[in-house]
Engineer: 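Have a look at the structure that comes next, please.
None of these values were measured; they are calculated from a predicted model. Note on naming: letters A, B, ... go to the chains in the order of the sequence lines (proteins, then strands), and numbering restarts at 1 for each one.
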Amino acid sequence: MLIEEIIKEKIAQAVFELYGQEISQESIQIQNTRKDVDGDFTVVVFPFLRISKKSPEQTANELGNLLKKNVSEVSKFSVIKGFLNLSISSSYWINLLSEVSANELYGFTTATENSELVMVEYSSPNTNKPLHLGHIRNNLLGFSIGEILKANGKKVVKTNIVNDRGIHICKSMYAWQKWGEGKTPENTGLKGDHLVGDFYVLFDKNYKQEISDLIEKGLSKEDAENQAPSIVAARDLLRKWEAKDPETLALWSEMNKWVYAGFDITYKELGVDFDKIYYESDTYLEGRDEVLQGLEKNVFYQKEDSSVWADLTDEGLDQKILLRSDGTSVYMTQDIGTAKLRFNDYRIDKMVYVVGNEQNYHFQVLSILLDKLGFEWGRGLHHFSYGMVELPNGKMKSREGTVVDADDLMAGMVEVAKKTAEELGKLDGYTEEEANRTYKTIAMGALKYFILKVDPKKNMLFNPEESIDFNGNTGPFIQYTYARIRSVLRKAEEQGIKPDVLSGDLVITDKEKELIKNISLFPSAISEASESYSPAVVANYVYNLVKEYNQFYHDHPILVESDKSTRDFRILLSESAAKIIKSAMSLLGINVPEKM
RNA sequence: GCCUCGGUAGCUCAGUUGGAUAGAGCAACUGCCUUCUAAGCAGUAGGUCAUGGGUUCGAAUCCCGUCCGGGGUACCA
């Protein structure tokens, strides 16, 4: 039982004893004591004044005296205005550290048979172009949320819905047919997604040219956009695809295969993975049936032109179309279909969609529709909505060539990590392979941490130059601290130092107390991150821990310590800190190097 | 217009269920490598928490109004 809970219980007792009134434990506020004030925990007594009918100081003193008497861990207390500051004895902290250090998986809750099953959908790429910076944010958030939920004792299925059909891929197909000259990833050496993406760009360039030519000939903008030969050809391909024309299907699956091979490389570099992949070409017809059933049950209604709608005015929303007048599906219908398949495949308790905030309205509607259709988790689905990634010179626009390509970005980060490490002479004793692996670890740590430390729901600014600065609140700074601790521990081992069981008599410093307190808070950081669906909570937690460790490290010699029990204690403290740093970073999908 | 999310130091961001004197990093300036890794540490400077009101012992945090910005808004995905 944590000391905070004990204190709460005892305070409730003390209030009853002193003032004769029962209070709920939730009404008791315990917080960390300000750094410049003596003490470990602070109880805010203002809420009790109404009961005690005494001054804040008097109330705090009365409670303090009783706590000191009844709780052995409370060694002393002080009162400032309405704040009761409690100091906790060294032995409590030392015992807590022993517990943390003995528990290999401190902070992690293991899933059981009865644990909630959470499905996390993320990534969801289109197959017509490579991944860019926006996808990186999505992938990192999705993966990390999955890991955090797992650490919090949920069963997690990570899933990806690949948008593999539609006009966008037909555009690339058309361009390849026309200008491809039989190019493949094999005979060009290009990554498949980049090759296909190049044809998409080619299509767009040509399409724009055709439009402006047509406008010059006197057509309206709208007519020109609809009549340009290349868009007509792409639409024709889409029709052939839907009619299952063998030649079109063959080209489609061939080009998609190239793209998947390319994506797999990018996913692997990013360190993300999936338990189950759905393809829209398999699910896009499913939603139709579901909607038609809903129509039968009068959940939806049909207009005269035979289009199908949902009336959401009772929910404060508008009318939403579900089937076009020609009977084909819209985006919403497809998502219903995908949900149906997933529900068949898994016993889902909770569904989390990691999708950008431009789709907030979409998911609000989806939630209501699934509920109306009888999906138990519909109402409770969670749209993990995240903000856009902006660049210093404005938004990312693929049309204007201001996108940051995911593969290029990662390669660039590795280059900078390598250059920096070489300048500092950090990895001199390493083989080339070991060194390269470490550069990659550091580069990816920098990128991932830079993105994950920001509150997901906010738009963020990605400054390429700043992101590769490894100073300050960055992944490499945390990795560096970890590597340094490992180095200390290696040296201890070389000297044959093995810490004994710690003695509770040891008196420890405030910095050391702080550090233990912070280390022991790891589980609550996980559960908070899980509740708020925010990896940033974990990122900020681990950054604080590292800052604190650095201060401790600066002030206290570890190996050069004459007193054996003090030295043992500090080695154990370092070991525990390293373990927690590694655990926390793993929740962000970031590896920590033994040496850097 | 309506819905929704934001606005904290020059810049990028933290800020627990409302708590004490609002915190980091970058950039600027000052120190510190013959002691376990200087990708570091210590320090200086930098704030009308967009703005006006309200709630109360107490507000960056909760409520209302205003201003600025992002996103969405019925047959695109």
Engineer: Please state the P separation for the pair B/rC3 and B/rC41 - nearest whole angstrom.
Structural biologist: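 Their P atoms lie roughly 48 Å apart.
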Engineer: Tell me if B/rC33 is syn or anti. Syn = glycosidic torsion within 90° of 0, anti otherwise.
Structural biologist: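 That one's syn.
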Engineer: Please give the distance between the C1' atoms of B/rG25 and B/rC63 as a whole number of Å.
Structural biologist: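 These two C1' atoms come out 34 Å apart once rounded.
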Engineer: Using a 4.0 Å heavy-atom cut-off, does A/Glu358 contact any base of the nucleic acid, only the sugar-phosphate backbone, or nothing at all?
Structural biologist: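 Sugar-phosphate, no base atom in range.
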Engineer: Between P on B/rA77 and CD1 on A/Ile336, what's the gap in Å once rounded to a whole number?
Structural biologist: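 Distance, rounded to whole Å: 13 Å.
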Engineer: Verify whether the ring centers belonging to A/Tyr549 and A/Phe552 lie closer than 6.0 Å.
Structural biologist: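 Close enough - the centres of the two rings lie under 6.0 Å apart.
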Engineer: Output the single nucleotide from B/rA14, B/rC26, B/rA20 whose closest atom is nearest the side chain of A/Asn540.
Structural biologist: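 Selected nucleotide (nearest to the side chain): B/rA14.
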Engineer: Please lay out, stage by stage, how A/His382 and A/Tyr353 fare under the test ring pair (Phe, Tyr, Trp, His ring centres under 6.0 Å).
Structural biologist: CA-CA 6 Å; A/His382 187 259; A/Tyr353 293 87; 9.8 Å; no
Engineer: Would A/Tyr331 and A/His362 count as a close aromatic pair, with their ring centres under 6.0 Å?
Structural biologist: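 Centroid distance A/Tyr331-A/His362: below 6.0 Å, so yes.
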Engineer: Short of 4.0 Å, heavy atom to strand atom, which residues of residues 445-453 of chain A count as contacting RNA chain B?
Structural biologist: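 None, since no heavy atom is under 4.0 Å.
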Engineer: Any salt bridge linking A/Lys457 with A/Asp455? Criterion: basic side-chain nitrogen under 4.0 Å from a carboxylate oxygen.
Structural biologist: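 Salt bridge present between A/Lys457 and A/Asp455.
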Engineer: Looking at A/Asp204 and A/Lys208, is there a salt bridge between them, counting it only when a charged N and a carboxylate O are closer than 4.0 Å?
Structural biologist: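 A salt bridge links A/Lys208 with A/Asp204.
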Engineer: Does A/Val330 reach a base, just sugar-phosphate, or nothing at all? Heavy atoms under 4.0 Å.
Structural biologist: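 Sugar-phosphate only.
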Engineer: If each of A/Tyr331 and A/Thr42 is mapped to the nucleotide of RNA chain B with the nearest heavy atom, which maps nearer the 5' terminus, i.e. the 5' end?
Structural biologist: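 Closer to the 5' end of RNA chain B: A/Thr42.
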Engineer: May I ask you to say what A/Asn544 touches in the nucleic acid, namely base, sugar-phosphate or nothing, with a heavy-atom cut-off under 4.0 Å?
Structural biologist: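 Here A/Asn544 touches no strand at all.
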Engineer: Taking only Lys NZ, Arg NE, NH1 and NH2, and the carboxylate oxygens of Asp or Glu, determine whether A/Glu493 and A/Lys498 approach each other closer than 4.0 Å.
Structural biologist: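 So A/Glu493 does not pair with A/Lys498 through a salt bridge.
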Engineer: Any base atoms under 4.0 Å from A/Asn85, or only sugar-phosphate, or nothing? Heavy atoms, all strands.
Structural biologist: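 It contacts base atoms.
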Engineer: Could you measure between the two P atoms, the one in B/rA59 and the one in B/rU51, and give it in whole Å?
Structural biologist: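 After rounding to an integer number of Å, I get 16 Å for this pair.
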Engineer: Any carboxylate oxygen within less than 4.0 angstrom of a Lys/Arg side-chain nitrogen, looking at A/Glu548 and A/Lys511?
Structural biologist: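 No.
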Engineer: For B/rU4 versus B/rA9, give the span between their C1' atoms, rounded off to a whole number of Å.
Structural biologist: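 One C1' to the other, the span is 29 Å.
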Engineer: What is the separation between atom CG on A/Asn126 and atom C1' on B/rA77, rounded to the nearest whole Å?
Structural biologist: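 For the pair A/Asn126 CG and B/rA77 C1', the rounded distance is 7 Å.
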Engineer: For nucleotides B/rG19 and B/rC75, find the distance between their P atoms and express it as a whole number of Å.
Structural biologist: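 Those two atoms are separated by 46 Å.
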Engineer: How long is the line joining CG of A/Asp311 and P of B/rC75, in whole Å?
Structural biologist: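 So the CG-P distance, A/Asp311 to B/rC75, works out to 16 Å.
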Engineer: So if I define the base as every atom that isn't primed, P, OP1 or OP2, how would nucleotides 31-44 of chain B read as a B/S/- string at a heavy-atom cutoff under 4.0 Å?
Structural biologist: -----BBSBSSS--
Engineer: In whole angstroms, how far is the C1' atom of B/rA14 from the CE atom of A/Met460?
Structural biologist: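 The answer, rounded to whole Å, is 14 Å.
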Engineer: Quick check on RNA chain B: between A/Ile80 and A/Asn473, whose nearest nucleotide comes earlier from the 5' end?
Structural biologist: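 First, find each residue's nearest nucleotide; the 5'-ward one identifies A/Ile80.
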Engineer: Closer than 4.0 angstrom, basic N to acidic O: yes or no for A/Glu512 and A/Arg570?
Structural biologist: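 Yes, this pair counts.
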Engineer: Residues in ring pair (Phe, Tyr, Trp, His ring centres under 6.0 Å) with A/Phe470, at least two apart?
Structural biologist: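 Applying ring pair (Phe, Tyr, Trp, His ring centres under 6.0 Å) to A/Phe470 gives none.
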Engineer: With respect to A/Val196, which candidate in A/Asn256, A/Thr127, A/Val259 satisfies the side chain to side chain contact (heavy atoms under 4.5 Å, CB included) definition?
Structural biologist: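 Filter result, single survivor: A/Val259.
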Engineer: Heavy atoms, side chains only, cut-off 4.5 Å: are A/Ile590 and A/Met444 in contact?
Structural biologist: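 Contact flag for A/Ile590/A/Met444 side chains = no.
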Engineer: Name the closest nucleotide to the A/Val454 side chain, picking from B/rC13, B/rC75, B/rA77.
Structural biologist: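 Nearest listed nucleotide: B/rC13.
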Engineer: Do the side-chain N and O atoms of A/Asn357 and A/Ser385 include a donor-acceptor pair separated by under 3.5 angstrom?
Structural biologist: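 Side-chain D/A pair, A/Asn357 to A/Ser385: absent.
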Engineer: Expressed in angstrom and rounded to an integer, what is the separation of A/Lys35 atom NZ from B/rG19 atom P?
Structural biologist: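 Taking NZ of A/Lys35 and P of B/rG19, I get 17 Å after rounding.
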Engineer: Produce the list of close N/O pairs, under 3.5 Å, pairing protein atoms with atoms of nucleotides 3-11 of chain B; give distances to one decimal.
Structural biologist:
{"residue": "B/rG7", "atom": "OP1", "partner": "A/Lys458", "partner atom": "NZ", "Å": "3.3"}

Engineer: Take atom P in B/rG54 and the same atom in B/rU16, then report the distance between them in whole Å.
Structural biologist: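 Their P atoms lie roughly 25 Å apart.
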Engineer: Using Watson-Crick pairs (N1 to N3, plus N6-O4 or O6-N4) and G-U wobble pairs, both distances under 3.5 Å, which stems of at least 3 pairs involve RNA chain B?
Structural biologist: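 Stems for RNA chain B, defined as runs of 3 or more consecutive pairs: B:1-7 with B:67-73, B:10-13 with B:23-26, B:28-32 with B:40-44, B:50-54 with B:62-66.
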Engineer: Base, sugar-phosphate, or nothing for A/Asp305, non-hydrogen atoms under 4.0 angstrom?
Structural biologist: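 Base, at least one base atom sits under 4.0 Å.
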Engineer: Check whether A/Ser367 reaches the backbone of A/Phe363 with its side chain - one donor and one acceptor, N or O, closer than 3.5 Å.
Structural biologist: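 Not confirmed, A/Ser367 side chain does not pair with A/Phe363 backbone.
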Engineer: When the distance from CD of A/Glu4 to C1' of B/rU16 is rounded to whole Å, what number comes out?
Structural biologist: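 Distance, rounded to whole Å: 13 Å.
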Engineer: Expressed in whole Å, how much space separates the C1' atoms belonging to B/rG58 and B/rA20?
Structural biologist: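 After rounding to an integer number of Å, I get 10 Å for this pair.
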Engineer: Starting from the C-alpha separation in whole Å, work towards a yes-or-no answer on side chain to side chain contact (heavy atoms under 4.5 Å, CB included) for A/Leu312 and A/Asp318.
Structural biologist: CA-CA 5 Å; A/Leu312 303 174; A/Asp318 289 328; over 6 Å; no
Engineer: I need the single residue from A/Ile136, A/Val454, A/Leu133 that forms a side chain to side chain contact (heavy atoms under 4.5 Å, CB included) with A/Phe462. Which is it?
Structural biologist: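 Testing A/Phe462 for a side chain to side chain contact (heavy atoms under 4.5 Å, CB included) against A/Ile136, A/Val454, A/Leu133 leaves exactly one candidate, A/Leu133.
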Engineer: Nearest whole angstrom, please: distance from the C1' of B/rU16 to the CZ of A/Phe41.
Structural biologist: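 It works out to 14 Å between those atoms.
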Engineer: Less than 3.5 Å apart, any donor N or O on the side chain of A/Asn85 or A/Thr42 sitting next to an acceptor on the other?
Structural biologist: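 Their side chains do contain a donor-acceptor pair, which is all the 3.5 Å distance test asks for.
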Engineer: Please give, in whole Å, the distance from B/rU12 P to A/Asn463 CG?
Structural biologist: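 About 9 Å, once rounded to whole Å.
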Engineer: Please report the distance separating the C1' of B/rG18 from the corresponding atom of B/rA77, rounded so that it comes out in whole Å.
Structural biologist: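 Approximately 43 Å lies between the C1' atom of B/rG18 and that of B/rA77.
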Engineer: Please determine whether the number of non-hydrogen atoms from other residues, nucleotides or ligands lying under 6.0 Å from atom CD of A/Gln495 exceeds 12.
Structural biologist: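 Yes - once you tally the heavy atoms of other residues, nucleotides and ligands closer than 6.0 Å, there are more than 12.
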Engineer: Looking at A/Glu4 and A/Lys8, does any basic side-chain N land under 4.0 Å from a carboxylate oxygen?
Structural biologist: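 Looking at A/Glu4 and A/Lys8, the cut-off is not met.
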Engineer: Taking protein heavy atoms under 4.0 Å as touching, what does nucleotides 56-61 of chain B look like 5' to 3' if B marks base contact, S marks sugar-phosphate-only contact and - marks none?
Structural biologist: -B----
Engineer: For A/Asp311 and A/Tyr301, test the side chains for any donor-to-acceptor distance below 3.5 angstrom and give the result as yes or no.
Structural biologist: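 Note: A/Asp311 and A/Tyr301 side chains miss the donor-acceptor criterion.
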